[in-house]
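First the structure, in the form of structure tokens, and then the observations on it.
Protein chains get the first letters and strands the later ones, always in sequence-line order, with residue 1 at the start of each.
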Amino acid sequence: MGTLRRSHSCGEIDASRVGDEVVVAGWAHRRRDHGGVIFVDLRDQKGLVQIVFRPETSTEAHQSAGDVRSEWVLLVRGVVEARSAETVNSKMVTGEIEINVHELRILNSATPPPFAIEEEAGADEAVRMKYRIHDLRRPPLQRALAVRDRLSTALRASFGRQGFMEIETPMLARATPEGARDFLVPSRLHAGSFYALPQSPQIMKQLLMVSGFERYYQIARCFRDEDQRADRQLEFTQVDLEMSFVGVEEVLEVLQQLTLDGCRDAAGVELPMPFPRMSYKEAMERFGCDRPDTRILLELVDLTDLFATSGFKAFRGAVDQGGIVKCLPVHDADGVSRSEIDRLESFVRKELGARGLGWIRIAEDGEWRSPIVKFLTDEERAEIVKQTDARPGSLLFFQADAPDKANAILSRLRIDLGEKLGRVDGREWDVLFVVDFPLFERDDKGQLTYVHQPFVAPLEEDIPLLETDPEAVRGTHYDVIMNGTELGSGSLRNHRADIQRQILKVLGYSDEEMKQSFGFMLDALELGAPPHGGFAFGFDRMVMVLAHAESLRDVVAFPKTQRGQDLLMQAPSPVAAESLDELSIRVRAPKPE
RNA sequence: GGGGCGGUAGUUCAACCGGUUAGAGCACUGGCCUGUCACGCCAGAAGUUGCGGGUUCGAAUCCCGUCCGCCCCGCCA
């Protein structure tokens with residue numbers, strides 16, 4: 001660069017600078033060489049500006065400009081000139097001016113980019129991740145990372161205003177048998193022992209509450225060694241918080257304020273106050289899902305009772321085995337063709353493991369066209385009409401299966417069809433609390449297990465039920481849902497060791513196992529633990545929703561593939577034998593190079 | 001662990017029912033061009049059709065296996 005320094009950003013030069021000498025730097029976005037005059041669009045983080053090389057202005061600069069290629073790094077000194085009326089480019093923010101270059105310094109050359117540094121240019125995900133640096137130069141990732149930055153700044157400010165203190169917790173923590181698979185870190189000083197990277201700061205923040213920090217927060221990295229999804233990465237960021245001496249209402253108040261501040265300051269989104277609330281039960285009944293997008297107007301109807309005594313074996317059988325029968329009515333559905341129904345059926349069979357997809361179409365003449373109608377009595381048909389509000393033009397989809405499965409399938413259809421048919425209320429943003437989750441559920445072996453995590457406190461009035469009817473115990477758990485995505489979840493925690501023990505007992509832990517797995521936690525609760533509760537936002541998911549991104553990979557600077565690899569840095573990688581020796585580790589089957 | 005979709009030039013894609021020299025746009029290289037802005041024109045180079053095996057007179061194409069990317073189930077809050 002020599003002694004020359006930037007005076008302006010490319011994107012911020014406008015007509016008011018005409019006549020000024022400026023120094024700008026950036027990447028050669030595109031070059032248009034007319035032999036005589038050469039145009040280069042110069043790009044920096046703020047935007048693009050056209051720089052012009054004329055032989056009559058500087059023979060030397062003009063000649064060097066002939067060598068410039070895409071993504072070369074340039075520094076130029078020149079004079080801002082107004083473009084003539086015919087040459088103004090209205091598509092460019094800086095299209096009214098250009099810079100007549102007097103001096104060009106080529107700061108670096110560059111190998112040709114594998115794909116165009118443009119908004120639209122499509123590229124395979126593997127290519128994008130291998131050439132992540134080029135992808136990061138493009139507007140979508142630039143925007144997403146800017147949202148990320150603004151959101152963390154906004155949340156920190158909001159935490160500050162609400163009296164929270166940021167406290168860091170260890171990344172080298174202890175492995176826990178519960179929850180997700182841990183990432184293990186071998187200890188050099190303790191051969192054969194391992195640290196675990198935290199799945200979340202859950203336990204540590206509870207210990208901070210016992211320690212007397214009444215309002216804690218942290219923007220914390222978390223690690224879970226589980227299979228990836230579009231909305232799940234091996235490592236991710238949680239906005240973690242915990243408060244002492246509060247009930248559910250006080251926590252929700254804080255969450256509401258944080259969500260409001262974050263969405264406003266990061267994306268200019270104004271959310272309606274107060275956030276609506278829905279019970280878990282209602283969400284499952286109406287939407288088949290505990291994170292409903294309530295902008296979609298279609299709703300499910302439960303017909304289990306109707307088919308409990310039916311002669312239709314396929315449905316009756318499901319109910320007899322403890323399943324449910326639910327229906328997704330779609331009115332005015334003439335636009336859905338028979339082949340579309342077949343496509344939906346094969347979709348739910350293949351992708352979601354459905355046994356089939358029952359459907360009834362009521363034609364305009366009132367006739368029922370359906371593969372299943374012949375199994376239904378007149379009374380059943382009348383009852384279906386009554387409960388689903390079916391009428392000519394209606395299309396009814398049915399699932400008879402285990403509750404989780406039937407709901408999962410129909411809620412997916414609800415979203416797909418709702419979006420495809422435009423059955424939406426037109427709001428861009430939908431936010432709500434889902435509350436009153438059950439504390440326990442049965443796993444496939446019939447053993448009671450926790451729905452969220454073992455520290456969730458029950459509702460006070462449900463505590464007696466722990467002895468008598470644990471499945472009916474409601475937890476203090478709450479979720480924040482935005483546009484059908486779970487932004488995060490939280491609860492009040494058990495601050496009394498006796499209640500915590502009682503819950504662990506219901507979960508099937510012996511005294512010995514309790515001590516083994518949760519001993520230090522139970523001990524901590526006996527040191528004078530205050531009532532406390534908190535929450536953790538999935539920060540990446542929040543950015544994903546605000547940036548309208550389809551995948552977490554589009555809101556993270558350096559994401560990993562579905563198989564957990566970083567294609568840019570080539571991680572994970574084998575390590576030198578000496579490194580393993582030092583850690584007292586022997587690899588059973590080393591990967592051949 | 002399971003199901004699905006995909007993998008052809010640097011890149012985005014094409015190539016009929018298995019058929020003779022695997023094509024095109026962009027990018028790249030060389031040349032021309034003084035008002036373009038996805039500049040234009042001329043010429044050129046560029047391929048282990050992911051990899052391995054099989055069927056066949058002949059395979060990008062069909063079969064088997066395997067690797068990689070993505071979506072989903074399981075798993076995970």
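Listed by first and then second residue, the side-chain hydrogen bond (donor to acceptor under 3.5 Å, both in side chains) pairs involving residues 227-236 of chain A are A:R221-A:E235, A:E235-A:K560 (not counting sequence neighbours). The stretch residues 33-43 of chain A participates, sequence neighbours left out, in these side-chain hydrogen bond (donor to acceptor under 3.5 Å, both in side chains) pairs: A:H29-A:R43, A:R31-A:D33, A:R32-A:D41, A:R43-A:E71. Pairs engaging residues 475-494 of chain A under the salt bridge (charged side-chain N to carboxylate O under 4.0 Å, His left out) rule: A:E242-A:R493 [sequence neighbours left out].
Annotation: side-chain hydrogen bond (donor to acceptor under 3.5 Å, both in side chains) contacts of A:R291 (sequence neighbours excluded): none. Residues satisfying the side-chain contact (heavy atoms from CB on, under 4.5 Å) criterion with A:A318, sequence neighbours excluded, are A:A400. The salt bridge (charged side-chain N to carboxylate O under 4.0 Å, His left out) test applied to A:D44 returns A:R6, not counting sequence neighbours. Judged as a ring pair (Phe, Tyr, Trp, His ring centres under 6.0 Å), and not counting sequence neighbours, the contacts of A:F455 are A:F518. For A:D124, the side-chain hydrogen bond (donor to acceptor under 3.5 Å, both in side chains) test picks out no residue, with sequence neighbours left out. Under the rule for a salt bridge (charged side-chain N to carboxylate O under 4.0 Å, His left out), the partners of A:E471 that lie at least two apart in sequence or sit in another chain are A:R442.
Comparing the C1' positions of B:rC72 and B:rC76 gives an interatomic distance of 14 Å, to the nearest angstrom.
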Can you give one letter per nucleotide of nucleotides 5-12 of chain B, going 5' to 3': B for a protein heavy atom under 4.0 Å from the base, S for sugar-phosphate only, - for none? -----SSS
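Within residues 229-241 of chain A, the residues that have a heavy atom under 4.0 Å from RNA chain B are, in order of number, A:R229, A:A230, A:R232. Near RNA chain B, defined here as any heavy-atom distance below 4.0 Å, the residues from residues 65-83 of chain A are A:R69, A:R83, listed numerically.
Between A:R563 and B:rC68 there is a side-chain polar atom (N or O) within less than 4.0 angstrom of OP1 or OP2.
A:E98 comes within contact range of at least one nucleobase, with a heavy-atom separation under 4.0 Å. Nucleic acid contact class of A:V451 (heavy atoms, under 4.0 Å, all strands): base.
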